[in-house]
Chemist: 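Handing you a structure now.
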Amino acid sequence: MRAGFAGLNRAGLLAVLEIRRMMVNWGELAFGLALPVVLFALMYGAFGQDVVFRGTAQVVDRDGGAEARAFVEQLDALPEISVRERSLSDAERALDRSAILLAIVIPPGFSEGLERGETVSLRFLQHGNGGDEGQVVAALARAVALGLAREASLRTQLAAALGEGEVSLAQDLRRQIDATVAELRTAGPAVGVQVRTIDEGNPGFIHRMVAGLLVMFVMFSVTLSSQYLVEERQLGTLERLLTTRMNARELFMGKFLAGIARGAVQAVLLLVLAFGTFRLGGVAEFGGMLLLTALLLAAVSAIGLVIGALAQTPDQASWAAAFLTTYMAIFGGNFIAISGEGVLGWISQFTLNRHVIDAMIAVLSQGESAWQQVGAIALMLVTALLGLLLARWAFRFSDAGAVA
Amino acid sequence: MAEDFLQVEQLSKSFGETEVVAGVSFRVRRQEIFGLLGPNGAGKTTTIRMLATVLQPTAGEAFIGGHSLTAAGAAVRRLIGVCPQELALYPELSAQDNLVFFGRMAGLSGKEARAAAQEKLEVVGLLEVAGRRVATFSGGMKRRVNLAISLMNRPQLLFLDEPTVGIDPQSRNRIFETVEGLRDEGVTILYTTHYMEEADRLCDRLGIMDQGRLIALGSPQELKATIGDPHQVTLEQVFLELTGRRLRDTA
């Protein structure tokens, strides 16, 4: 019992030593912490905003009347559109050199025509189909023009019904109509637009990005933990450690714990940033993600030790770890959902990433608890245990591990 | 006559088809400095690695303080200190932290390890720079830290594998004084070196190894007497006479 505690103590001391060595290297530490922050910032910049259309309407107002100005103002008031007014010649030159692909021309007589209840037209000058932006701007311009036409038509019909120049009642009514129309304009469109991601029923994009990024960073720590034994060998401290009371089991446990602790620094930082920025959930979701991350770190740390026990040089360890990380990222679906069918689906079953990311997304998107992710938890625990045993077994065949 | 603290019996080690140590037998008395000499590749370091429980012998046995090397490795480790030929230090840490860490690994409590670290750093003349990172030390200072670490568990048998390679005369002299002081305190020392004058000065008895075998054993005087007048002959002449002049590390 006492010996067991002493052994655990030595393993803990070895883990603490690794952390201290990391803390001493300020440059390496800062780099290690900056990496997830930078990647997260890039991710936030790319995906953190609402995805809405933003375009510029190039408008040539050759009319200058009240209805033409109303058209320009209403178009500019749309959140998706900003208006740039040009002269006709300027617009034509810009179209000639493809600086713009669509210009909306308000022809002379547009306002008078509308006020008389006549059919008037906007003219669209465009290159080809006007481009994606042009088509959207054109559609929105048509909608605004249609609204104006309906208002004008309503006014005309009411005036005709009441009779021109009859009584003051008609003028009062006209003022009331104008006021009501103005009120409706400021109240916004009668039909609103609601944006919803098209993958309803599947994990949200942000959830997958966060889980994928987190798992990717944790997988990177394979490289770090694979270097522990190789580095000790190169420093000569491995043999020295094995001439103390520390045995190989304690050595591996110490390195295993160090791998978890070292990776946890980056992982927790990333989790805090993600939860704070994207409001991914409450304490339960955060705790669940933390648990799954810790288990993944354990599995990854053990895999790193297997590589470290087999590799004889830092390069060998680095390449093996890089291969494994790349394999897991490509076939594990870090950033794209992989269906369970086909060759890719079959291969992805043999990656930790696939199972852990699915479990994380279930916690984030579907309100499940981490404990419900039995398959993923079992996989990570078995990987950690098998990894430790395999690393110890492989180490036995190395010079330094022959006796220990 | 002092008891044998280390008994080596027909110790052998092979790597694949290559027999690096071939049936080596010798005994080292308590409080004795025993020198193991030999050209490069003679098997000295492999012998020490086996005795330090790092390598499993292919055949043979050794007893350290009465404990079997092959059956009671953990008990053996409590009695030994190892100063390896290559520096075995954490360069990012201070000298003090290196010593405390290895002291803890050797079974000392935190308080004991800190006290022992101060004491050993004073012995090797590095107390004033105890808090400095080892990476900033000169070669001689690193060698002295290397030695100090091996003393942390107060070993009864100390393995010193070429502890003075590549250092200045001052550091070398300090190591000599430390080794002699340890012998006076009752520590048994197994010492390997390529410097014959060093072996002549420090060692009570010597074993000369070549091609994995022990080819001569005796005090420096006894070995010198095998080829001439011990007052006229140098240990280097004995060494060359026994091992030949052929270069060993060119093949």
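What's counted below: heavy atoms across the whole structure, side chains too, no hydrogens, waters or symmetry copies. In what follows, every chain begins at residue 1, and chains take the letters A, B, ... in the order their sequences are listed.
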Chemist: Using a cut-off of 6.0 Å, state whether more than 12 heavy atoms not belonging to B/Arg154 lie near its atom CZ.
Modeler: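 No, CZ of B/Arg154 has 12 or fewer neighbouring heavy atoms, counting only those of other groups under 6.0 Å.
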Chemist: Side chain, backbone, both or neither: which part of B/Ile149 has a non-hydrogen atom closer than 4.5 Å to chain A?
Modeler: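 Both parts, heavy atoms under 4.5 Å.
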Chemist: Using heavy-atom distances under 4.5 Å, tell me whether B/Ala74 contacts chain A through its side chain, its backbone, both, or neither.
Modeler: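 Looking at B/Ala74, nothing touches chain A.
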Chemist: Is it the case that over 12 heavy atoms from other parts of the model lie below 6.0 angstrom from the CZ atom of A/Phe323?
Modeler: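 Open.
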Chemist: On the six-membered ring of B/Phe102, is A/Arg240 placed so that its NZ or CZ lies under 6.0 angstrom from the centre and within 45° of the ring axis?
Modeler: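 That pair qualifies as a cation-pi contact.
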Chemist: So do B/Met152 and A/Thr244 actually touch side chain to side chain, heavy atoms under 4.5 Å?
Modeler: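 No, side chains not in contact.
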Chemist: Among side-chain atoms of B/Tyr90 and A/Glu232, is any donor-acceptor pair under 3.5 angstrom?
Modeler: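 Yes, side-chain donor-acceptor contact under 3.5 Å.
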Chemist: Given a strict heavy-atom distance threshold of 4.5 Å, which part of B/Asn98 is in contact with chain A: side chain, backbone, both, or neither?
Modeler: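 When you check distances to chain A, no heavy atom of B/Asn98 falls under 4.5 Å.
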Chemist: Looking at A/Leu14, A/Leu235, A/Val16, which one has more heavy-atom pairs under 4.5 Å with chain B than the rest?
Modeler: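 So the answer, after comparing A/Leu14, A/Leu235, A/Val16, is A/Leu235.
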Chemist: Please walk me through it: do B/Asp97 and A/Leu17 pass side-chain contact (heavy atoms from CB on, under 4.5 Å)?
Modeler: CA-CA 9 Å; B/Asp97 287 345; A/Leu17 176 91; over 6 Å; no
Chemist: Is the number of heavy atoms from other residues, nucleotides or ligands within 6.0 Å of CZ (A/Arg20) greater than 12?
Modeler: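 For A/Arg20, atom CZ is not crowded (no more than 12 foreign heavy atoms under 6.0 Å).
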Chemist: Atom CE of B/Met105 and atom CG of A/Leu13: how far apart are they, to the nearest 0.5 Å?
Modeler: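 Reported value, rounded in 0.5 Å steps: 4.5 Å.
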Chemist: With distance as the sole test, does A/Arg245 use its side chain to make a donor-acceptor pair with the main-chain N or O of B/Ala106 at under 3.5 Å?
Modeler: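 Checking the backbone N and O of B/Ala106 against the side chain of A/Arg245, a donor-acceptor pair under 3.5 Å is found.
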Chemist: If I compare all heavy atoms of B/Arg104 with all of A/Arg10, which pair ends up nearest, and what's the gap?
Modeler: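 That would be O-CG, 4.4 Å.
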Chemist: Quick check for you: to the nearest 0.5 Å, what is the distance between A/Glu239 atom CD and B/Gln85 atom CD?
Modeler: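 It is 11.0 Å, given to the nearest 0.5 Å.
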Chemist: Can you check whether A/Leu242's main-chain N or O pairs, donor with acceptor, with B/Arg77's side chain at less than 3.5 Å?
Modeler: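 Checking the backbone N and O of A/Leu242 against the side chain of B/Arg77, a donor-acceptor pair under 3.5 Å is found.
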Chemist: Please look at B/Thr70 and chain A and tell me whether the side chain, the backbone, both or neither of the residue comes under 4.5 angstrom of a heavy atom of that chain.
Modeler: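 No part of it gets close to chain A.
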Chemist: Determine, step by step, whether B/Val54 and A/Thr243 satisfy the side-chain contact (heavy atoms from CB on, under 4.5 Å) criterion, reporting the C-alpha distance in whole Å, the side-chain angles of both residues, the deciding distance to 0.1 Å, and the verdict.
Modeler: CA-CA 7 Å; B/Val54 173; A/Thr243 63; 3.4 Å; yes
